[in-house]
Amino acid sequence: MKRLIAITLILIAAVAWVTVKYFNSLGTSGMHAGNVIRTIPDNAALVFEFTNENSLYDIYKDNNILGNLIGEEKLTDLDTVKNRLINNPALNKAFDNRNIFISIHPVKDDIQLLITASVKDVPVQQFDELAKQRNSGMLITPLKIGDKSGYNVYFASLKKRLYIINSGGNILSASFSKDLITIAATYQPPKEQHNFMLLPDQQNSNSLVNLYVNYQHLDPLFNQVFKDNTDIFKPFRLLPALAALNINFKNDAIMFAGYTNIETQKPGSYLNIFANQQPVVNNLKDIYPSTTAYAIDMAVSDASKFFNDLSTFQQKAGLQKEKDALLTKVKQETGINIKPEFEKLVKSEFAVVTTRFQEKFGIIEVKNGSQLRPFMTNISNMVTDEVGQFNFTKLPYFLLGDAFSAFRKPYFRIIDNYLILANTPGELTSYADTYFNRKLISKTDNYLPFDNLLAERSNISFFLHFKNSQQILKQSLKDDFYISYKDNALSWRNFYAVSFQFGATDKNFYTNFCLLKNMQDTVARQ
């Protein structure tokens with residue numbers, strides 16, 4: 001009996017110990033995550049969070065997939081910080097098993113990284129002792145920015161300085177950019193405003209890598225990278241929303257999944273409309289041309305509701321007067337009330353595709369192409385029996401929304417139950433050849449392995465094929481970024497494609513992000 005009581009007491013003690021450790025872990029990952037992320041300057045667009053523990057590093061040991069994501073130079077910088085400082089025996093206890101945040105910021109004409117971490121105790125004495133060491137490969141001197149103090153660490157191997165400040169509350173911030181660390185040192189987080197959505201404590205504690213996104217902060221980031229106002233990923237950059245995503249480990253792919261929550265207190269964007277739908281099986285991707293550089297696919301479960309929501313959105317955007325005038329003109333000149341007739345025949349999916357030759361195609365799935373044809377011919381000037389040009393400007397934009405703004409007065413062709421739009425007759429001829437001769441990206445090498453990683457259903461799906469986008473990126477990226485993309489051993493050109501998918505849920509979006517590595521012999525080079 002005594003033995004049974006002793007065993008029971010041991011079991012109770014063990015359960016209590018595990019419980020305390022578990023909730024301490026939650027407190028560290030959750031509470032500290034909220035405290036740390038609030039100190040990050042609000043111009044950050046993306047924040048990566050990971051746990052400083054060996055299990056994470058072991059997973060990606062000898063795997064360059066993360067290096068391709070951030071680039072060779074910045075990977076070397078971060079490796080040096082990790083090996084020389086974070087894993088330094090004098091400092092390791094302060095950082096062991098702590099969550100580290102790497103945020104991405106547009107600074108002047110460049111993109112810079114900020115490293116932020118909550119340490120167990122600020123290792124002031126340890127830094128001072130390291131500063132006294134000779135032949136360490138580091139020169140450590142005191143640093144003062146405003147009312148914040150810290151250290152200036154010169155790495156001889158990099159010939160660079162890392163600036164470290166104590167942001168208070170045992171939070172350290174560091175950057176190789178003096179401008180960014182100055183912004184971080186003087187940043188005062190607003191009390192009520194949250195720039196990033198946090199994961200629940202339990203989910204955070206069980207995830208080794210998280211990605212936080214502020215979509216409206218992506219636009220300044222893109223402006224640093226691209227010469228002009230590119231339309232790549234543009235609808236997402238206008239979305240008033242925050243995302244918190246978890247990594248899914250795979251040797252040849254980077255995959256994140258989680259939730260994107262719309263900020264309802266801010267003015268809505270075109271993509272907000274799709275949050276009122278249900279996810280739909282995506283089929284149009286199967287008829288994208290083999291030359292597709294990038295595309296955005298939109299799918300609706302309730303077309304009638306989508307068109308009502310689109311009308312409300314356009315009215316709030318101040319477009320109602322222009323829209324009414326155009327629709328009235330169409331009816332007066334043709335006798336056709338095109339909006340209800342068009343909406344009755346649209347099915348569930350429509351997409352805009354840009355090819356490597358910078359052709360643009362609008363692909364709209366319709367219920368019956370034969371029934372649509374009379375309406376289309378009456379509002380157009382027919383060039384051939386199959387091809388016509390709209391007589392009215394901006395009609396696709398008002399009928400289907402922002403994604404179709406590129407087609408001001410397009411040419412059209414109906415192929416089976418698809419309405420195809422393009423800006424020249426030659427582009428329509430090109431697409432017809434693609435369609436009838438099955439020159440489709442879904443038939444190319446590597447597409448099926450990539451497609452197998454994607455969600456079957458979504459409401460919005462963005463796709464970019466890196467090799468097909470090479471020439472567009474050469475023309476669009478700023479010179480330094482394109483050179484890094486093209487010439488560095490580690491860069492995004494080592495990926496086959498990227499996909500970003502939204503599936504509506506509870507008036508927000510479940511989100512999937514996927515980057516698949518190229519096969520070794522298919523690396524995109526120019």
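Remember, it's a predicted structure, so these values are computed and weren't measured experimentally.
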**Student:** Quick check: do K339 and L399 have side-chain heavy atoms less than 4.5 Å from each other?
**Tutor:** yes

**Student:** Counting the benzene-type ring for Trp, do Y496 and H465 have ring centres under 6.0 Å apart?
**Tutor:** yes

**Student:** Is there a side-chain contact between I102 and L114 in this structure, where contact means two heavy atoms from C-beta onward sitting under 4.5 Å apart?
**Tutor:** no

**Student:** Go through the steps for Q277 and S301 under the test side chain to side chain donor-acceptor pair (under 3.5 Å), then give the verdict.
**Tutor:** CA-CA 6 Å; Q277 300 290 320; S301 57; 3.2 Å; yes

**Student:** Checking side chain to side chain contact (heavy atoms under 4.5 Å, CB included) between F463 and each of I441, D297, I296, which is the one that passes?
**Tutor:** I441

**Student:** For the residue pair F196 and H217, categorise the inter-ring angle as parallel (less than 30°), tilted (30 to 60°) or perpendicular (more than 60°).
**Tutor:** perpendicular

**Student:** Are any non-hydrogen side-chain atoms of M376 and F412 less than 4.5 angstrom apart?
**Tutor:** yes

**Student:** Does R413 come within less than 4.0 Å of E427, counting only side-chain N to carboxylate O?
**Tutor:** no

**Student:** Strictly below 4.0 Å, N to O, side chains only: are D402 and K234 in salt-bridge contact?
**Tutor:** no

**Student:** Report yes if the side chains of Y215 and L242 come closer than 4.5 Å at any heavy-atom pair, otherwise no.
**Tutor:** no

**Student:** Between F500 and F233, does the ring centroid distance fall short of 6.0 Å?
**Tutor:** yes

**Student:** Kindly indicate whether the side chain of L400, heavy atoms from C-beta on, has any atom under 4.5 Å from the side chain of I364.
**Tutor:** yes

**Student:** Do F306 and F350 have their ring centres less than 6.0 Å from each other?
**Tutor:** yes

**Student:** With under 30° as parallel and over 60° as perpendicular, where do the rings of F236 and F462 fit, or are they tilted in between?
**Tutor:** perpendicular

**Student:** Hey, does F375 have a side-chain heavy atom less than 4.5 Å from the side chain of I338?
**Tutor:** yes

**Student:** Could you tell me if the side chain of V209 sits less than 4.5 Å from the side chain of L211, heavy atoms only?
**Tutor:** no

**Student:** Tell me whether the guanidinium CZ or amine NZ of R438 lies under 6.0 angstrom from the six-membered ring centre of Y435 and within 45° of its axis.
**Tutor:** yes

**Student:** Among residues at least two apart in sequence or on other chains, which ones pass side chain to side chain donor-acceptor pair (under 3.5 Å) with E456?
**Tutor:** none

**Student:** Quick check, are the ring centers of Y431 and Y288 under 6.0 angstrom apart?
**Tutor:** no

**Student:** Which residues pass the side chain to side chain donor-acceptor pair (under 3.5 Å) test with N512, not counting sequence neighbours?
**Tutor:** none

**Student:** Taking C-beta and beyond as the side chain, do P410 and Q389 meet within less than 4.5 Å on heavy atoms?
**Tutor:** no

**Student:** Assign the ring pair Y510 / Y259 to parallel, tilted or perpendicular, where the plane angle (0 to 90°) is split at 30° and 60°.
**Tutor:** perpendicular

